[in-house]
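Here the structure is laid out as structure tokens; the discussion comes afterwards.
Here the structure is a predicted model, which is why all the values come from computation and not from measurement.
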Amino acid sequence: MLFRQLEYFVAVAQERHFARAAEKCFVSQPALSAAIAKLEKELNVTLINRGHSFEGLTPEGDRLVVWAKRILAEHDAFKAEVHAVRSGITGTLRLGAVPSAGTTVSLLLSAFCSAHPLAKVRIVSRLGANEVHRRLREFELDAAIVHTGPDLGDDPDVNLTPLYEERYVLLSPAEMLPAGISTLTWPEAAQLPMALLTADMRSRRMIDEAFARHGITVDPQVETDSVASLFAQAATGDWACIVPHSWLWASRLDADIRAVGLVEPVLKAQIALATSAHGPGSPIARAITASARQLALNEFFDTKLRTITHRR
């Protein structure tokens with residue numbers, strides 16, 4: 001069995017089309033088909049249902065594609081390990097992030113890229129928990145900034161490195177709020193015209209649960225899947241919104257927009273860096289984890305929060 005055979009098989013499983021898989025692997029379709037046929041002969045199983053075209057994987061093929069991705073990932077990690085010993089960390093870090101961690105990425109990468117100037121980074125944002133899990137499991141991401149909890153907290157396939165505790169604040173046109181306050185209760189916030197994240201997002205579900213504790217169901221006029229868009233809605237002067245406090249440091253609030261803490265309850269969520277728990281992992285995944293452990297993000301974000309919410 002050759003690594004090339006596994007690469008061709010995984011490409012067919014992903015593309016679900018022999019010609020596209022051959023193009024992706026930079027080989028002719030006959031060469032790709034012959035390599036997979038040889039793999040099936042060596043394993044003495046049928047991996048792909050074939051008619052005039054690709055018709056899906058067999059049960060044995062479904063199992064092999066999981067192992068093949070792991071074997072190829074470990075092979076790539078070994079080559080990167082050897083290269084790292086000679087030249088330091090290179091290659092491309094594939095980093096995912098949930099929407100609320102959009103500004104945290106830059107802080108983490110500042111530390112990582114300073115330590116590893118030859119490395120490059122590709123960021124994939126706005127990922128749900130299930131998609132993060134899938135991409136980590138299938139080695140399509142090296143790491144991801146995620147919410148912990150029931151989605152990933154007990155997953156044996158994932159290692160979690162704590163980053164900070166996310167809090168939520170109300171961002172509002174100044175004229176909508178009483179003068180001199182630094183906090184607001186959830187029932188008080190519910191009286192304002194609201195723009196919120198969409199209902200399918202984890203942050204929005206947490207916000208809805210906080211309102212529900214007071215028997216309140218909110219019906220925002222505007223919904224968006226972008227935290228940056230919420231800042232823009234508040235800037236128009238028409239809506240208040242609820243945003244993670246980790247965005248405040250990167251957003252310049254003028255005198256017309258205020259941020260106040262939300263209390264009763266103070267809503268919190270744990271944010272962590274997730275990496276695959278399988279094998280020794282790639283050098284680049286270990287390097288981003290090491291950078292994450294050096295950060296003191298709770299102190300950084302809390303200082304910014306106190307400064308902004310106490311601004312009159």
Does the salt bridge (Lys or Arg N to Asp or Glu O under 4.0 Å) test come out yes or no for Arg306 and Asp302, once each step is laid out? CA-CA 6 Å; Arg306 286 193 298 269; Asp302 288 350; 5.1 Å; no

Evaluate Ile242 against Leu171 for side chain to side chain contact (heavy atoms under 4.5 Å, CB included), listing each step before the verdict. CA-CA 6 Å; Ile242 297 173; Leu171 195 68; over 6 Å; no

I'd like to know whether Ile145 forms a side chain to side chain contact (heavy atoms under 4.5 Å, CB included) with Leu108, so could you lay out the CA-CA distance, the side-chain angles of the two residues, the decisive distance to 0.1 Å, and finally the verdict. CA-CA 10 Å; Ile145 301 175; Leu108 178 58; 4.0 Å; yes

Can you list the steps and then say if Glu40 with Arg50 is a salt bridge (Lys or Arg N to Asp or Glu O under 4.0 Å)? CA-CA 13 Å; Glu40 290 177 315; Arg50 298 173 177 82; 3.1 Å; yes

Could you walk me through whether Leu273 and Val146 satisfy the side chain to side chain contact (heavy atoms under 4.5 Å, CB included) test, starting with their C-alpha distance in whole Å, then the side-chain angles of each, then the deciding distance to 0.1 Å, before giving a yes or no? CA-CA 6 Å; Leu273 182 73; Val146 299; over 6 Å; no

Please lay out, stage by stage, how Glu7 and Phe9 fare under the test side chain to side chain contact (heavy atoms under 4.5 Å, CB included). CA-CA 5 Å; Glu7 290 172 357; Phe9 172 63; over 6 Å; no

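The side-chain heavy atoms of Asn159 and Ser276, taken from C-beta on, include no pair separated by under 4.5 Å. Counting heavy atoms from C-beta outward, Val124 and Leu95 have side chains that stay 4.5 Å or more apart. A heavy-atom distance below 4.5 Å is not found between the side chains of Leu297 and Ile271. At a threshold of 4.5 Å between non-hydrogen side-chain atoms, the residues Leu248 and Val169 count as touching.
No donor-acceptor distance shorter than 3.5 angstrom exists from the side chain of Arg258 to the backbone of Ser172, with no hydrogens or angles considered. Remark: the backbone N or O of Ala174 is not paired with any side-chain donor or acceptor of Asp256 at under 3.5 angstrom. Between the side chain of Thr58 and the backbone N or O of Thr46, at least one donor-acceptor pair lies under 3.5 Å. Panel note: side chain Arg94, backbone Phe139; a donor-acceptor pair is recorded below 3.5 Å. With hydrogens and angles disregarded, a donor-acceptor distance shorter than 3.5 Å links the side chain of Thr236 to the backbone of Gln233. Put simply, the side chain of His17 gets close to the backbone of Arg20: a donor and an acceptor are under 3.5 Å apart.
Both Leu32 and Leu43 belong to a common hydrophobic cluster when Ile, Leu, Val, Met, Phe, Trp and Tyr are linked at side-chain heavy-atom distances under 4.5 angstrom. When the side chains of ILVMFWY residues are joined at heavy-atom separations under 4.5 Å, either directly or via intervening members, Leu184 and Trp239 end up in two distinct hydrophobic clusters. Hydrophobic clustering (side-chain heavy atoms under 4.5 Å, transitive across Ile, Leu, Val, Met, Phe, Trp, Tyr) groups Val12 together with Phe3. Val263 and Met206 fall into different hydrophobic clusters, defined by Ile, Leu, Val, Met, Phe, Trp and Tyr side-chain heavy atoms under 4.5 Å apart, directly or through other members. Follow the hydrophobic side-chain contacts under 4.5 Å out from Phe211 and you never reach Val222; the two are in separate clusters.
Across every non-hydrogen atom of Thr103 and Ser246, the tightest pair is OG1-O, 2.7 Å. Smallest separation of non-hydrogen atoms from Val227 and Ser100: CG2-CA, 4.3 Å. Between Asp200 and Arg205, the shortest heavy-atom distance links the atoms O-NH1, 2.8 Å. Summarising the geometry of Glu223 relative to Pro220, their closest heavy-atom pair is CG-CG, 3.7 Å, with the distance given to 0.1 Å. Nearest heavy atoms, Asp142 versus Ser282: OD1-OG, 3.9 Å. Between Lys24 and Ala11, the closest heavy-atom pair is CD-CB, 4.5 Å.
For an aromatic pair to be called close, the ring centres must be under 6.0 Å apart, and His245 with Phe301 satisfies this.
Using a cutoff of 4.0 Å between basic side-chain nitrogens and carboxylate oxygens, Arg134 and Glu131 are scored as salt-bridged.
Within a 6.0 Å radius of NZ in Lys69, more than 12 heavy atoms belonging to other residues, nucleotides or ligands are found. When the shell of 6.0 Å around CZ of Arg122 is examined, it contains 12 or fewer heavy atoms from other residues, nucleotides or ligands. In this structure, Glu15 places its CD atom where more than 12 heavy-atom neighbours from other residues, nucleotides or ligands lie under 6.0 Å away.
Side-chain contact annotation: Ser291 with Gln294, donor-acceptor N/O pair under 3.5 Å absent. Counted by atom type alone, Glu264 and His214 present zero donor-acceptor pairs between their side chains at under 3.5 Å. Side-chain contact of Thr303 with Glu299: a donor-acceptor pair under 3.5 Å is absent, judged by distance alone.
Atoms CD and CG, from Glu60 and Asn44 in turn, are 10.0 Å apart once rounded to the nearest 0.5 Å. The distance from atom CG of Leu230 to atom CH2 of Trp247, rounded to the nearest 0.5 Å, is 9.0 Å. Taking CG of Leu267 as the start and CG of Leu262 as the end, the distance is 8.0 Å to the nearest 0.5 Å. Within the model, atoms CD of Gln191 and CH2 of Trp186 stand 14.5 Å from one another, a figure rounded to the nearest 0.5 Å. Put simply, OG on Ser203 and CG on Leu196 are 11.0 Å apart, with the number rounded to the nearest 0.5 Å. Residue Ile284 holds its CD1 atom at 11.0 Å from OG1 of Thr289, rounded to the nearest 0.5 Å.
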